[in-house]
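Here's the structure, in structure tokens; my notes come after.
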There are 2 protein chains.
Amino acid sequence: MSTRPAHIVIVEDEPVTRSALVAYLGSFGYRISECDTAEKAEKILAQGTADLLIADINLQGKDGLEMTREQRARSEIGIILLSGRTDDVDRIVGLELGADDYVCKPFNRRELLARVKNLLRRTSAMRALTRRVFHFNGFTFDVASRQVTGPAGGQIVLTRAEYELLRVFVTNPGTVMDRDRLIAAITHRQDGTNTRTIDVLVQRLRAKLGDDPKAPRIFTTSHGEGYVFTAQLD
Amino acid sequence: MSTRPAHIVIVEDEPVTRSALVAYLGSFGYRISECDTAEKAEKILAQGTADLLIADINLQGKDGLEMTREQRARSEIGIILLSGRTDDVDRIVGLELGADDYVCKPFNRRELLARVKNLLRRTSAMRALTRRVFHFNGFTFDVASRQVTGPAGGQIVLTRAEYELLRVFVTNPGTVMDRDRLIAAITHRQDGTNTRTIDVLVQRLRAKLGDDPKAPRIFTTSHGEGYVFTAQLD
DNA sequence: TCCTCTTGTTAACAATTTTTTACAAATAAT
DNA sequence: ATTATTTGTAAAAAATTGTTAACAAGAGGA
């Protein structure tokens with residue numbers, strides 16, 4: 001079965017270790033995104049396409065433990081922590097935060113690969129089942145079934161692009177996202193899609209959810225930057 | 001979470017370690033079955049009710065590695081291996097056989113508990129995928145007998161291709177699958193079958209299960225990509 | 001074998017969705 | 001206030017999908 005390769009995000013600020021990881025795992029056909037800071041990794045994770053996160057526990061700025069806490073709050077992505085120290089406390093804290101595994105450096109590549117494989121087997125099954133439902137301004141958005149229910153209770157049918165766009169917004173509330181990022185999240189095409197497509201899609205979402213651009217409550221325009229989801233999620 | 005407690009099978013021939021494990025994990029509400037040999041454990045595992053296997057790697061007779069190999073061939077149960085030695089080779093072999101984790105004695109109880117929790121979170125999702133009878137939107141789909149029963153109770157007869165297609169959908173809920181992948185799943189031919197065949201088959205499935213493409217609840221079109229099964233499995 | 005029936009496949013055209021284009025309206029800067 | 005830039009909207013164009021119908025390939029029976 002020729003299914004798409006798993007997407008692994010690697011966060012490691014030590015260049016040697018990082019490139020070794022990227023090269024080794026990449027050679028097994030995985031799609032790899034490499035980052036040197038938590039912030040860059042989170043941009044990629046926000047798109048919701050990643051299957052596995054491999055993060056160093058000691059990063060400049062936000063560290064692997066903090067990333068684990070934040071990711072676990074919002075997704076069921078697989079998490080493997082890397083650490084230079086063999087510290088019992090660190091390891092237990094990481095695992096209790098929800099990291100699936102904790103590997104100490106220097107690690108054996110074959111062992112890491114085996115752990116990656118086993119974990120991906122678990123998460124690929126999980127991803128299909130996790131049900132995520134968002135509530136905002138009286139609307140209900142079920143990501144799995146792709147259904148939106150309005151305040152009055154009626155079904156609101158979204159097209160694929162509208163659904164993808166709403167999913168990106170809802171999973172990144174309060175974050176201004178530029179058109180390029182939004183396009184990357186919704187398009188299935190290779191070539192460069194016109195950024196104005198986003199404006200049209202936002203307009204259609206606004207029309208379907210009854211949001212007025214002059215007094216926006218859900219999708220707010222950030223002039224010169226992009227759009228933000230400004231509804232309160234509850 | 002008010003579901004039944006997870007069922008953990010512990011195989012350890014050293015009485016002290018075993019009773020400590022049983023007492024500790026049992027105190028967190030798990031249902032524990034304890035054994036001192038692989039053979040006794042397999043009798044329990046054969047019932048198919050277990051969620052997690054914790055096995056010592058060095059047992060009299062059949063050992064933990066052999067158990068891992070055998071269990072992995074037939075089920076997706078979670079497996080944690082225990083070992084007295086800190087042996088790289090043993091650990092890698094265990095992981096490559098499909099064990100989810102490998103813990104060296106003497107282990108920290110809190111760490112083991114964290115690993116058990118994390119793994120159970122993964123396997124509970126997975127168990128749903130190895131199901132052979134699916135329920136969704138009032139329908140019952142028995143994969144083995146190829147029978148579909150409608151909400152009203154009547155039998156719905158599927159053709160071979162329709163059955164294969166429904167099986168692929170139901171075993172990959174929430175995953176957008178392109179037409180090539182769906183064709184590969186339903187046809188046994190090598191030559192290039194027209195991808196539009198899928199559209200026609202999806203249409204026929206929709207007709208038989210009463211799904212409206214304009215407001216889909218079961219088979220959702222992902223424009224430019226393929227189709228997704230978006231019914232909630234329960 | 002021939003016929004009949006069922007299923008799988010293809011083709012054609014209608015309907016829908018996505019993307020582009022064009023222009024009006026709004027915003028920010030000079 | 002004027003200008004340039006950016007966004008909102010509508011409508012057309014391009015791409016994709018829904019639907020129907022017809023044809024082909026097998027299966028089973030007379």
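The chains referred to below are lettered A, B, ... by the order of the sequence lines, with proteins before strands, and numbering in each begins at 1.
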Inset, instruction - May I ask you to verify whether the side chain of B/Arg196 and the base of D/dG18 hold a donor-acceptor pair under 3.5 Å? - result: yes
Inset, instruction - Look at all strands and tell whether B/Val200 reaches a base, only sugar-phosphate, or nothing, counting heavy atoms closer than 4.0 Å. - result: base
Inset, instruction - Looking at every strand, decide which applies to A/Tyr227 at a 4.0 Å heavy-atom threshold: base, sugar-phosphate, or nothing. - result: sugar-phosphate
Legend entry - Atom-pair distance (CG on A/Asp199; C1' on C/dT21), nearest Å: 13 Å
Inset, instruction - Take atom CD1 of A/Ile183 and atom P of C/dT19, then tell me their distance rounded to the nearest Å. - result: 8 Å
Inset, instruction - May I ask you to say whether A/Asp100 pairs ionically with A/Arg115, meaning some side-chain N is under 4.0 Å from a carboxylate O? - result: no
Legend entry - Distance below 4.0 Å between A/Arg206 side-chain N/O and D/dT9 OP1 or OP2: no
Inset, instruction - In whole angstrom, give the distance that lies between atom CG of B/Asn194 and atom P of C/dT9. - result: 10 Å
Inset, instruction - Can you establish whether the number of heavy atoms outside A/Arg110 located under 6.0 Å from its atom CZ is more than 12? - result: no
Legend entry - Side-chain-base donor-acceptor pair under 3.5 Å for B/Arg204 and C/dT6: no
Inset, instruction - Can you tell me the distance, in whole Å, between the CG atom of A/Leu201 and the C1' atom of D/dA11? - result: 15 Å
Legend entry - B/Thr195 vs C/dT10: side-chain N/O to OP1/OP2 distance below 4.0 Å: no
Inset, instruction - Starting at atom CG of A/Leu182, determine the distance to atom P of C/dT19, rounded to an integer number of angstrom. - result: 13 Å
Legend entry - Whole angstrom value for the distance that separates C1' of D/dG18 from NE2 of B/His223: 12 Å
Inset, instruction - Would you tell me if any nitrogen or oxygen in the side chain of B/Thr221 comes within less than 4.0 Å of OP1 or OP2 on D/dG18? - result: yes
Legend entry - Atom pair distance, as rounded to whole Å: CD in B/Glu225 and P in D/dT16: 12 Å
Legend entry - Side-chain touch B/Asn118/B/Leu120, heavy atoms, less than 4.5 angstrom: no
Inset, instruction - Answer with yes or no whether the side chains of A/Thr159 and B/His223 bring together a donor and an acceptor at under 3.5 Å. - result: no
Inset, instruction - May I ask you to evaluate whether B/Thr159 reaches the phosphate of C/dG8, defined as a side-chain N or O under 4.0 Å from OP1 or OP2? - result: yes
Inset, instruction - Please work out if A/Thr197 contacts a base, only the sugar-phosphate, or nothing of the nucleic acid, heavy-atom cut-off 4.0 Å. - result: base
Inset, instruction - Would you mind telling me which residue lines up with the more 5' stretch of DNA chain C, A/Lys214 or A/Ala161, judged by nearest nucleotide? - result: A/Ala161
Inset, instruction - Using atom types as modelled and distance alone, determine if a side-chain donor or acceptor of A/Asp211 lies under 3.5 Å from a backbone N or O of A/Arg217. - result: yes
Inset, instruction - Take the protein atom CD of A/Glu162 and the nucleotide atom P of C/dT19, then report the distance between them rounded to whole Å. - result: 11 Å
Inset, instruction - Look at B/Gln203 and D/dT20 and indicate whether a side-chain polar atom (N or O) is within less than 4.0 Å of OP1 or OP2. - result: yes
